[in-house]
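The structure appears right after this line, and notes come after that.
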Amino acid sequence: MPELPEVEVVRRGLASWVAGRTIEAVDVVDARSVRRHPLGPEDFRGQLEGALVLDAVRRGKYLWLPLSDPDVPEARVHDPGAGPHTALLAHLGMSGQLLVEEPEAPDEKHLKVRLTLSDTLGMPRELRFVDQRIFGGLAVVPLVPTHDSGPGGRGDSDLPLIPGEAAHIGRDPLDPLFDPEAFHLRLRARRTGIKRALLDQRLVSGIGNIYADEALWGARLHYARPTDTLRRPETERLVHAVRDVMGRALVAGGTSFDSLYVNVNGASGYFSRSLDAYGRAGRACRRCAAAGEGGVIVRERFMNRSSYRCTRCQPVPRNARW
DNA sequence: CAGCCATCCTGGGGGC
DNA sequence: TGCCCCCAGGATGGCT
């Protein structure tokens, strides 16, 4: 399942392969993948055809391509303060892929949307949205200046332009603007369990079920640990563990062990070999084994999902909040 | 407002 | 071999 490292790998691929090209044609193969575009597939196509892709931007697991507005060329071009006003917004959901392919490549089984891009340097390409489970989708949305938890007192022109759909998404742990001390204080103010908090994209973004379990294992914390009892060293351990697991995944190009997810050019990653908790039910905890101890990874149902933890180094806490 | 849960969705896989 | 059911989980809307 794409989490922050996978989405960031896709973003980088889009920035290098798609930015600078024009969208020449749009084929919505399955309208369900644009159901979050309020005006329907025809409007989706009309708004994209002829648009120039300027960049590829990410906030948490939301990804968007800022577009030049082809309908108002003159006025905008001569206004130095005018940035892009719309973007192609994408969320990969559980199984979404954005693939940059040669037009001759055969259609994928779950191809949902095909964007034909302008030919650059004799390299014609299509951007294809492929999605089996249809939790993800595409939409053309306005970009609006949006405050976040950063320093205030600035004018509108200095605020980041992001889609309203992503306005509530917090900074991710690898973002320079992520504030570990503020994160700690917000955790302490919550009345819930730590895994619920990690999965709340408003508090910290980019973490899904897999990296949540990996980070909790790294920090030796149980998923039901009450957030209001966390001590500063524990939060620091957790932030360090999240950054470590995400950083390693990013270097490896995303986990993509699901085989549904591959990166923007269709190549699989291989980070799954180094997962310590997720998917290892019944196997020995590596850390315990290295210390000559007998901790075992168990799978438990939590939040209608699977959670993996070590019985020994992630014991059930007092006052657990399930 | 904060917390939390059901729901969306498809296809692979196990059981029989 | 075919059928049924479970399972995967990100984000949202609507409860309490």
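First the proteins, then the strands, lettered A, B, ... as listed; each starts at 1. Every heavy atom of this structure was used, including side-chain atoms; hydrogens, water molecules and symmetry mates were not. What you are looking at is a predicted structure, and each value in this text was computed from that prediction instead of being measured.
- Between H168(A) and dT12(C), a side-chain N or O to OP1/OP2 separation shorter than 4.0 Å is present.
- Here the nucleotide nearest the side chain of Y278(A), chosen from dA11(C), dA8(C), dG10(C), is dA8(C).
- Residues passing the ring pair (Phe, Tyr, Trp, His ring centres under 6.0 Å) test with F129(A): none are found, sequence neighbours excluded.
- Under the side chain to side chain contact (heavy atoms under 4.5 Å, CB included) criterion, R299(A) pairs with A281(A), R301(A), S306(A), Y308(A), sequence neighbours left out.
- Side-chain contact of R225(A) with T229(A): a donor-acceptor pair under 3.5 Å is present, judged by distance alone.
- In this structure, D213(A) places its CG atom 10 Å from P of dG10(C), rounding to the nearest Å.
- Contacts of F302(A) with the nucleic acid, taken as non-hydrogen atoms under 4.0 Å apart, are absent.
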Distances under 3.5 Å only, N/O to N/O: pair up the protein atoms with those of nucleotides 3-6 of chain C.
none

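- Of all heavy-atom pairs spanning D131(A) and K112(A), the tightest one is O-CE, 2.9 Å.
- Partners of P142(A) under the side chain to side chain contact (heavy atoms under 4.5 Å, CB included) rule, at least two apart in sequence or in another chain, do not exist in this structure.
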- request: List the protein contact pattern of nucleotides 2-9 of chain B with one symbol per nucleotide (5' to 3'): B for base contact, S for sugar-phosphate-only contact, - for none; contact means a heavy-atom distance under 4.0 Å.
  value: -SSSS-BB
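- Between K195(A) atom NZ and dG10(C) atom C1' there is a gap of 13 Å when expressed in whole angstrom units.
- Between K109(A) and dG12(B), a side-chain N or O to OP1/OP2 separation shorter than 4.0 Å is present.
- Checked against salt bridge (charged side-chain N to carboxylate O under 4.0 Å, His left out), E165(A) has no partners two or more places apart in sequence or in another chain.
- Residue H110(A) places none of its side-chain N or O atoms closer than 4.0 Å to OP1 or OP2 of dT10(B).
- No salt bridge links R21(A) with D119(A); every basic N to acidic carboxylate O contact stays at or beyond 4.0 Å.
- In the set dT12(C), dG10(C), dA8(C), the nucleotide with an atom closest to the side chain of R299(A) is dA8(C).
- Here the P atom of nucleotide dG11(B) and the CD atom of E108(A) are 15 Å apart, to the nearest Å.
- Rounded to 10 degrees, the angle separating the terminal axes of the helix from dA2(B)-dT16(C) to dC16(B)-dG2(C) is 50°, with each axis obtained from five end pairs.
- Residues satisfying the side-chain hydrogen bond (donor to acceptor under 3.5 Å, both in side chains) test with R125(A), not counting sequence neighbours, are none.
- Pairs engaging residues 197-208 of chain A under the side chain to side chain donor-acceptor pair (under 3.5 Å) rule: R190(A)-D200(A), D200(A)-R202(A) [sequence neighbours left out].
- A straight line from CD1 of I207(A) to P of dA11(C) spans 12 Å, rounded to a whole angstrom.
- With sequence neighbours excluded, the residues that form a ring pair (Phe, Tyr, Trp, His ring centres under 6.0 Å) with H91(A) are Y62(A).
- Of all nucleotides listed (dT10(B), dG10(C), dA11(C)), dA11(C) comes nearest to the side chain of Q201(A).
- Spacing between atom CD of E165(A) and atom C1' of dG13(C) amounts to 15 Å, rounded to whole angstrom units.
- With sequence neighbours left out, the side chain to side chain contact (heavy atoms under 4.5 Å, CB included) criterion links L161(A) to L143(A), P145(A).
- With sequence neighbours excluded, the residues forming a salt bridge (charged side-chain N to carboxylate O under 4.0 Å, His left out) with E108(A) are R128(A), listed by chain and number.
- Between R36(A) atom CZ and dA11(C) atom P the separation is 9 Å, expressed in whole Å.
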